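First comes the structure, then the notes that go with it.
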Amino acid sequence: MKRTKIKQALNAVSPMDDILVKGWVRTKRDSKGFSFVELNDGSCLGNIQAVVDHTPEIEAVLARVGTGASVAVAGALVESPGKGQKWEIRGRSIELIGEADQETFPLQKKRHSDEFLRTIAHLRPRTNKYGAVFRIRSELAQAVHKFFADKGFFYIHTPIITGSDCEGAGEMFRVTSLPAGSSLPPEEDFFGKPSQLTVSGQLNAEMFALSLGDCYTFGPTFRAENSNTPRHAAEFWMIEPEMAFADLADNMELGEEMIKRLVGHILEHCAADVDLFAKWVDKDLMPTLETLLNEPFVRLSYTEAVDILKKTKHPFDYPVEWGIDLQTEHERFLCEEQFKKPVYVYDYPKTIKPFYMRLNDDDKTVAAMDCLVPRIGEIIGGSQREERLDVLTARMDEMKLNKDDYWWYLDSRRFGTAPHAGFGMGFERMLMLVTGVANIRDVMPFPRTPNSLEF
RNA sequence: UCCCCAGUAGCUCAAUAGGCAGAGCGGGUGACUGUUAAUCACUAGGUUCGCGGUUCAAGUCCGUGCUGGGGAGCCA
């Protein structure tokens, strides 16, 4: 007989004479003459309860069935006479597939701390909370692709290994095939030059925006920064759309539409899992998601933001002056206290932003934008790109970048250049936003952070 | 990388002023004919993170290292 997934069984509309389910035992309760066995197979948050009467053969099996064991139960799907569930399985047979030693199996039936579960990252998806996290993660990734596909964006696979320190966005991981401890020069290495793991697919994506129109990348990126915070990981996934013939306003509009669509999709498709987070992880999750969905995002120029920060009575550790980069405390004040909703800050001083952002007519600011959301901080960072060759090369000279390294990037401005804009969204931060999970390590299957590479 | 806090049973934690190492949960054994984190009884379980020091005596005080958490910087 073919296995029925528990999600299907729990959604049944009528009883079934024959059903076979397989899964992991969440809890077993014995009575005299029969036992309750609750199974979860990961297909959904809910467990299905099987009731098995004791026979000598079944008792022999049940003696070895404990929390965490994998089993197959065959029987009939019937309406449950007990409270708490609509359906249950009246078991005719139970087969032990994989035993779990009760002395050493680390997952209990009660709640564990996130810190402890991180030390058993290989087993934590078997818990309710982490099962829910990773079902939502999967659904969110699908929703990203659906959003862009619906809008006619093309999905571009930009390279993971890169040869140029593009952007200068933080420390990069070196890639080499030279033997450990080798003192050979980069010319002798695999690519004949230094190579690194990418920190962003943006520069490559720009080439495709200036060819296919609207496109996006969605893949892993790597930062070798020794940053130890609940919002950073050394390996994380980033979504980077890039649009031709678009400006900064189009860019902000796309970001807002995207966040609203993703939130709406998760509320619609992962209701049971989201409820778990609203109930146990973040009491304010539902109001937060409602705000994201229904409230228009604030749009505020950097200059206006500085004015607000200078006028408020709220004390800051870092004094505010036009020209400084906004500190975490400033960003949090703006979106958590001043407006209590997502805030776009745009037109930043050029001195604190990278070379590729489009210079505004004031010659002091660039067409950059950050989207700040409560609790997470910056979830989107983007800009209109500098499409004018002379302005772009002048900026590169100012910042002492070697133009030869960017010859192909500059070609796009030599031949048929066009205004274009794009941004990067941290996928894990989006996931933290929709689940209320506070630590990025807890929305990643096997998180990579400084001094942490166990799994 | 900097600042702050913590580390005691498998897990979550307690231990008065420096004076006998404790509880709940989990595990094991048994009871119970409809349980829902089942319940009840009994029971086993410890290098108090490592190293060094102070003291008659250290889980507790001092130094140092490691690990984890929170905050900051950097960023998505």
Side-chain angles (χ1 to χ4, degrees), chain A residues 26-38 46-54 63 66-68 78 80-85 88 90 100-120 127-128 167-171 198-202 218-240 255 280 316-318 325-332 352-354 370-373 376-382 423-433 438-443 449-452 454:
Chain A
R26 281 299 174 77
T27 167
K28 181 183 74 163
R29 296 180 288 273
D30 298 314
S31 273
K32 190 175 179 75
F34 61 96
S35 292
F36 298 98
V37 180
E38 267 192 55
N47 305 328
I48 198 157
Q49 168 172 288
V51 191
V52 260
D53 289 330
H54 292 173
T67 306
V78 298
S80 175
K83 286 183 184 139
Q85 62 279 317
E88 69 182 22
R90 191 24 91 175
D101 174 34
Q102 297 302 290
E103 299 273 3
T104 50
F105 183 63
L107 291 174
Q108 301 179 11
K109 283 179 264 189
K110 67 165 192 171
R111 194 186 163 280
H112 287 289
S113 68
D114 294 322
E115 291 78 12
F116 170 67
L117 291 170
R118 259 171 237 157
T119 68
I120 49 167
T127 65
N128 287 340
E167 277 202 80
E171 293 296 308
T198 186
V199 296
S200 163
Q202 178 200 317
F218 182 11
T221 50
F222 307 86
R223 305 277 167 95
E225 291 289 349
N226 186 17
S227 55
N228 233 310
T229 86
R231 300 179 302 282
H232 292 85
E235 175 183 321
F236 64 99
W237 283 58
M238 191 151 61
I239 304 151
E240 297 180 283
W280 301 106
F316 294 120
D317 293 333
Y318 291 82
D325 205 354
L326 298 184
Q327 305 294 308
T328 297
E329 57 175 347
H330 305 138
E331 296 180 345
R332 293 189 63 146
I352 57 172
K353 291 292 182 185
D370 285 351
C371 183
L372 312 174
V373 293
I376 314 286
E378 182 182 340
I379 194 166
I380 282 176
F423 62 78
M425 167 189 277
F427 180 62
E428 283 80 10
R429 288 188 181 174
M430 186 66 209
L431 198 47
M432 291 166 76
L433 189 63
N439 196 310
I440 198 167
R441 290 160 236 250
D442 298 332
V443 296
T449 51
N451 286 313
S452 178
E454 184 61 32

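None of these values were measured; they are calculated from a predicted model. Numbered from 1 within each chain, the chains take letters A, B, ... in sequence-line order.
Looking at heavy-atom distances under 4.0 Å, Ile376(A) makes no contact with the nucleic acid at all. Within the 4.0 angstrom heavy-atom criterion, no nucleotide atom of any strand lies near Leu107(A).
Applying the side-chain contact (heavy atoms from CB on, under 4.5 Å) criterion to Asn128(A), with sequence neighbours excluded, gives Arg26(A), Leu45(A), Leu276(A). For Phe316(A), the side-chain contact (heavy atoms from CB on, under 4.5 Å) partners two or more places apart in sequence, or in a different chain, are Leu309(A), Thr312(A), His314(A), Val320(A), Glu329(A), His330(A), Phe333(A). Remark: Asp30(A) engages Ser35(A) in a side chain to side chain donor-acceptor pair (under 3.5 Å) (not counting sequence neighbours). Legend: residues meeting ring pair (Phe, Tyr, Trp, His ring centres under 6.0 Å) with Phe218(A), ordered by chain and number and at least two apart, are His145(A), Trp237(A), Phe427(A). In this structure, the ring pair (Phe, Tyr, Trp, His ring centres under 6.0 Å) partners of Phe34(A), at least two apart in sequence or on a different chain, are Phe36(A). With sequence neighbours excluded, no residue satisfies ring pair (Phe, Tyr, Trp, His ring centres under 6.0 Å) with His232(A). Applying the side-chain contact (heavy atoms from CB on, under 4.5 Å) test to Asn451(A) and every residue at least two apart in sequence or in another chain returns nothing. Residues that satisfy the ring pair (Phe, Tyr, Trp, His ring centres under 6.0 Å) test with Phe116(A), not counting sequence neighbours, are His112(A).
By the 4.5 Å heavy-atom criterion applied to side chains, Val52(A) and Val37(A) are counted as neighbours. By the 4.5 Å heavy-atom criterion applied to side chains, Val51(A) and Glu88(A) are counted as neighbours.
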Short N/O separations, protein against nucleotides 29-32 of chain B, under 3.5 angstrom:
unit_1: C32(B); atom_1: OP2; unit_2: Lys32(A); atom_2: NZ; d: 3.2

Listed pairs, N/O of protein and of nucleotides 71-73 of chain B, under 3.5 Å:
unit_1: A72(B); atom_1: O2'; unit_2: Tyr318(A); atom_2: OH; d: 3.4
unit_1: G73(B); atom_1: OP1; unit_2: Gln327(A); atom_2: OE1; d: 2.6
unit_1: G73(B); atom_1: OP1; unit_2: Thr328(A); atom_2: N; d: 3.4
unit_1: G73(B); atom_1: OP2; unit_2: Thr328(A); atom_2: OG1; d: 2.7
unit_1: G73(B); atom_1: N2; unit_2: Asn226(A); atom_2: O; d: 3.4

What N/O pairs connect the protein and nucleotides 3-11 of chain B at under 3.5 Å? Give each pair on its own line.
unit_1: G10(B); atom_1: N2; unit_2: Gln108(A); atom_2: NE2; d: 2.3
unit_1: G10(B); atom_1: N3; unit_2: Gln108(A); atom_2: NE2; d: 3.4
unit_1: C11(B); atom_1: O2'; unit_2: His112(A); atom_2: ND1; d: 3.4
unit_1: C11(B); atom_1: O2; unit_2: Lys110(A); atom_2: NZ; d: 3.1

Expected rows: protein N/O vs nucleotides 47-49 of chain B N/O, under 3.5 Å:
none

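In this structure, the nucleotide among A76(B), G27(B), G34(B) sitting nearest to the side chain of Phe236(A) is A76(B). Checked against C75(B), G69(B), G34(B), the side chain of Glu88(A) finds its nearest nucleotide in G34(B).
Using atom P as the reference point in both U39(B) and G24(B), the two lie 13 Å apart (nearest Å). Atom P of U60(B) sits at a distance of 15 Å from the matching atom of A9(B), rounded to the whole Å. U43(B) and C4(B) are spaced 43 Å apart, taking the C1' atom of each and rounding to whole Å. For G26(B) and G53(B), the C1' atoms lie 38 Å apart once the distance is rounded to whole Å. Comparing the same atom, P, in C11(B) and in G68(B) gives a spacing of 15 Å after rounding to whole Å. Rounded to whole Å, the separation between the P atoms of G70(B) and C13(B) comes to 14 Å.
G70(B) atom C1' lies 11 Å from atom CZ of Arg441(A), rounded to whole Å. Going from atom CG of Asn451(A) over to atom P of G65(B) covers 15 Å, rounded to whole Å. In this structure, Asp370(A) places its CG atom 10 Å from P of C75(B), rounding to the nearest Å. In this structure, Arg118(A) atom CZ and U67(B) atom P are separated by 16 Å, rounded to whole Å. The interatomic distance linking Phe36(A) (CZ) with U33(B) (P) rounds to 12 Å, in whole Å.
Looking at Gln85(A), its side chain comes within 3.5 Å of the base of U35(B) through a donor and an acceptor atom.
Of the nucleotides present, G30(B) is the one that pairs with C40(B) by Watson-Crick or G-U wobble criteria, both distances under 3.5 Å. Base pairing of A6(B) is made with U67(B), judged by Watson-Crick or G-U wobble geometry with both donor-acceptor distances under 3.5 Å.
A salt bridge between Asp114(A) and Arg441(A) is absent, with no side-chain N of the basic residue lying under 4.0 Å from a carboxylate O of the acidic one. Under the 4.0 Å criterion applied to side-chain N and carboxylate O atoms, Asp370(A) and Lys353(A) are assigned as salt-bridge partners. Ion pairing between a basic and an acidic side chain is recognised when a charged N comes within 4.0 Å of a carboxylate O; Arg429(A) and Glu378(A) show no such pairing.
The residue among Thr67(A) and Phe34(A) whose nearest nucleotide of RNA chain B lies closer to the 5′ end is Thr67(A).
With 3.5 Å as the limit, one finds a donor-acceptor pair spanning the side chains of Ser80(A) and Gln85(A).
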